[in-house]
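Below is one structure. I have some questions about it.
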Amino acid sequence: MIERGELRLPEMQRRYVWRSPRVRDLLDSLYRGYPSGAILLWETDEEVPLQDMAVTQQANPYQSTRLLLDGQQRLTSLSAVIRGESVKVRGRKKPIELLFNLDHPEKLAVVTEVNEDGDDEDEDDELIDDEADSTEDDLQRRFDRMTFVVGTRKLEQLPQWVKVTEVFKSDSDAAFLRRAGVSGFEDPKYERYSQRLAHLRGIRKYVYRMDVLERRLSYDEVTEIFVRVNSLGAKLRSSDLALAQITAKWRNSLKTFEAFQEQCAKAGFEFDLGLHLKNLVVFTTGQSRFLTVGNLRLKALQVGWTESCRGMEFALNFLKNNAEIDSPALLSSPFMLITLAYHGHKRDYILSAEESRRLRNWVLVANAKGRYSRGSSETLLDQDLTILKTGGGAQELIDRLRQQVGRLDIAPEELEGRNQRSALFKTMFLAFRASGAKDWRSQVAIALGHSGTQHKLQFHHIFPKAVLKGSYSGREADDIANLCFIAGKTNRQISDKPPGQYFPPLIEKSGLTAFEAQCIPTDLTLLGVDGYKTFLHQRRTLVAKRLNQFLGT
């Protein structure tokens, strides 16, 4: 039905967001015979605003249209894998490449539960790649216990791993069995592998129960059903429900929203559409809650959208060029942009030099302290919006931040126990980059946008986990004071060597500057496992001092 264009997507729906691991888990669940919920459709002859699905479709051959209200993520994923189609996700077309393990254990390994239409936006939104602390043998043993994995070139070369899409496209087992080394019918693996391939193809025969809404319902009634079904089931986020309500009032507005979202992405700031909708609500109502959307008139939404786009453009320009935060990965919360946008709007985009300086200071300190990551984000955002709405500015935002966090400077003990997910980790990168930090071997300045695996930035455990294993917990090894930024090739060459071994040749070749730029003590007495606690204490002191210099606190 999807391929023939009989099943289409209404404008009220959210876009396709699933990442490959979610599709892998769905396939795994169906392979086990787990239930996968129902599908909600509406069959109508009414002219309804549509959007393109994430997979290609033919023109609908019928007069009436069936619209998919619930189940988009599952059905799009299955259509892509079974048909071998690429999906459009986050503005890019890419195939979903999954591999199936013919030799998986009889007792299937536990996998992540699939939560249909859950929030996938931040699953792999890390600032920088982690180093591969596990050995290749450890990773291979873990893969061998799995039934489905997201494809890698290395696993594709192994004979027992087959491409899921190729199995679905062929009814013959011969090529897969021959590649897996099965020599004939007498081979003990023949029956086992053949049964598993047949079981995998059986996923194509899984029957989804379809609940179809009556034709007599209007678009507005169906929108209300969509909102109720998804809010009662807690499947969609509030922004997705708000989008349904907005597009019901403002027909064909989704293309307008997505065009601006794409414009921001081209400027280096790709955000979920929900952020832009929240900005729209802020500019229309002066507060951030989506609960008011149902009461807003069409004209107010249209005027609010125009103003919110101007505000977001100001915010992005200020963030990149004044605060030198050039990637959303360096933000502790994207809500920072909404406050910046509304500040510019309330000042008619005319700021004095002093106001600009204070606003930059607020951005950097609020980002480092995680202003919108403590407690209810929307409550905190509304506090700041109220300040701006009542005539306040950057100084009042700073005063409110001080009330929340107590002190604006960074104390060394504030770094203790923090890891790479901390807002301070992002600020540490900004401070080190501003200090001229470079890779220890190539001397290329650290940056997020490097090309190629050789130069791509990774965070590195100064004391590798393998060195600390047995003496310290994984949490202690991930302490922010044990992390620094180097290129992927340098990281792989160091591997699991202790710092006492790999520091001296690097220092001899490049000097101490590269280490000093990242506040790393190089005293050899601190570089053994016994000196780890002292090393962390000394580095926290150095890092805190550097952060305060950078923040102006």
Side-chain angles (χ1 to χ4, degrees), residues 1-3 7 16-41 54-55 68-85 87 95-118 120 123 141-151 155 158 160-177 180 182 188-212 229-230 233-235:
M1 290 174 70
I2 290 174
E3 185 175 9
L7 196 57
Y16 181 75
V17 297
W18 271 16
R19 300 181 190 276
S20 295
R22 294 293 297 273
V23 186
R24 173 204 65 201
D25 292 348
L26 174 62
L27 265 288
D28 192 283
S29 293
L30 293 174
Y31 184 76
R32 296 162 184 257
Y34 293 170
S36 183
I39 304 299
L40 181 62
L41 306 179
V55 289
L68 180 58
L69 299 181
D70 189 30
Q72 179 204 171
Q73 309 296 324
R74 289 168 288 167
L75 294 192
T76 303
S77 301
L78 290 170
S79 179
V81 172
I82 291 172
R83 294 163 58 196
E85 278 274 336
V87 293
I96 301 174
E97 297 175 334
L98 301 179
L99 300 177
F100 174 70
N101 184 6
L102 286 171
D103 207 35
H104 68 70
E106 291 297 333
K107 186 174 169 133
L108 298 178
V110 176
V111 296
T112 306
E113 180 182 294
V114 174
N115 176 24
E116 160 67 359
D117 282 329
D120 291 299
E123 280 186 7
R141 278 193 291 272
R142 185 161 63 87
F143 287 139
D144 288 343
R145 293 194 297 271
M146 298 178 74
T147 310
F148 295 89
V149 298
V150 178
L155 283 178
L158 300 179
Q160 74 272 27
W161 288 96
V162 297
K163 293 183 178 180
V164 171
T165 293
E166 290 183 1
V167 175
F168 281 132
K169 284 187 165 184
S170 171
D171 290 324
S172 170
D173 295 343
F176 306 115
L177 295 176
V182 176
K189 292 183 291 189
Y190 175 83
E191 185 176 358
R192 180 157 51 101
Y193 286 4
S194 296
Q195 287 177 348
R196 288 177 174 182
L197 288 167
H199 194 51
L200 173 58
R201 290 192 187 97
I203 289 175
R204 291 185 300 195
K205 299 175 184 174
Y206 181 86
V207 178
Y208 275 105
R209 191 187 85 238
M210 295 195 296
D211 296 328
V212 184
V229 166
N230 287 290
K235 292 179 180 178

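Numbering starts at 1 and runs along the sequence shown.
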All heavy atoms of Asp144 vs all of Pro105, minimum pair found to be O-CD, 3.5 Å

Within the distance-only criterion (no hydrogens, no angle test), does the side chain of Ser170 pair as donor or acceptor with the backbone N or O of Glu166 below 3.5 angstrom?
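Between the backbone of Glu166 and the side chain of Ser170 there is no qualifying donor-acceptor contact (under 3.5 Å).
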
Looking only at heavy atoms, what is the nearest atom pair of Asn101 and Gln160, with distance?
OD1-CG, 3.5 Å

Phe100 vs Phe148 aromatic rings, parallel, tilted or perpendicular, using cut-offs 30° and 60°?
tilted

Mind checking the NE2-CG spacing from His199 to Leu30? Nearest 0.5 Å is all I need.
10.0 Å

Test salt bridge (Lys or Arg N to Asp or Glu O under 4.0 Å) on Asp173 and Lys189 and set out the steps.
CA-CA 13 Å; Asp173 295 343; Lys189 292 183 291 189; over 6 Å; no

Atom pair CZ/CG of Arg196 and Leu200 - distance to nearest 0.5 Å
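Arg196 CZ to Leu200 CG: 11.5 Å, rounded to 0.5 Å.
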
Looking at CG of Leu177 and CG of Leu102, how far apart are the two atoms once the value is rounded to the nearest 0.5 Å?
7.5 Å

Is there a side-chain contact between Val182 and Arg192 (heavy atoms, below 4.5 Å)?
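Sidechains of Arg192 and Val182: no contact.
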
Can you find a heavy atom in the side chain of Leu98 that is under 4.5 Å from one in the side chain of Val150?
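Leu98 reaches Val150 side chain to side chain.
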
Do Met146 and Asp28 come close enough that some side-chain heavy atom pair is under 4.5 Å?
no

Any side-chain heavy-atom pair of Trp18 and Val87 under 4.5 Å:
no

What heavy-atom pair brings His104 and Thr147 nearest, and what distance separates the two atoms?
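Nearest heavy atoms, His104 then Thr147: CD2-CG2, 3.6 Å.
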
Inter-residue atom distance Ile82.CD1 - Glu3.CD, 0.5 Å rounding:
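It is 11.0 Å, given to the nearest 0.5 Å.
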
Could you tell me whether the side chain of Val149 reaches within less than 4.5 Å of the side chain of Trp161, counting heavy atoms only?
yes

Straight-line distance of Leu40 CG to Asp70 CG, nearest 0.5 Å
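It comes to 6.0 Å.
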
Distance in Å, Leu41 CG paired with Leu68 CG, rounded so as to fall on 0.5 Å steps
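It is 6.0 Å, given to the nearest 0.5 Å.
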
I want to check something: taking the side chain as every heavy atom from C-beta on, are Arg74 and Ser36 in contact at a cut-off of under 4.5 Å?
yes

With side chains defined as the heavy atoms from C-beta onward, is the minimum distance between Leu78 and Tyr208 less than 4.5 Å?
yes

Do Met1 and Leu75 make a side-chain contact, defined as non-hydrogen atoms from C-beta onward lying under 4.5 Å apart?
no

If you compare all heavy atoms of Val164 against all heavy atoms of Leu99, which two are closest, and at what distance to 0.1 Å?
CG2-C, 3.9 Å

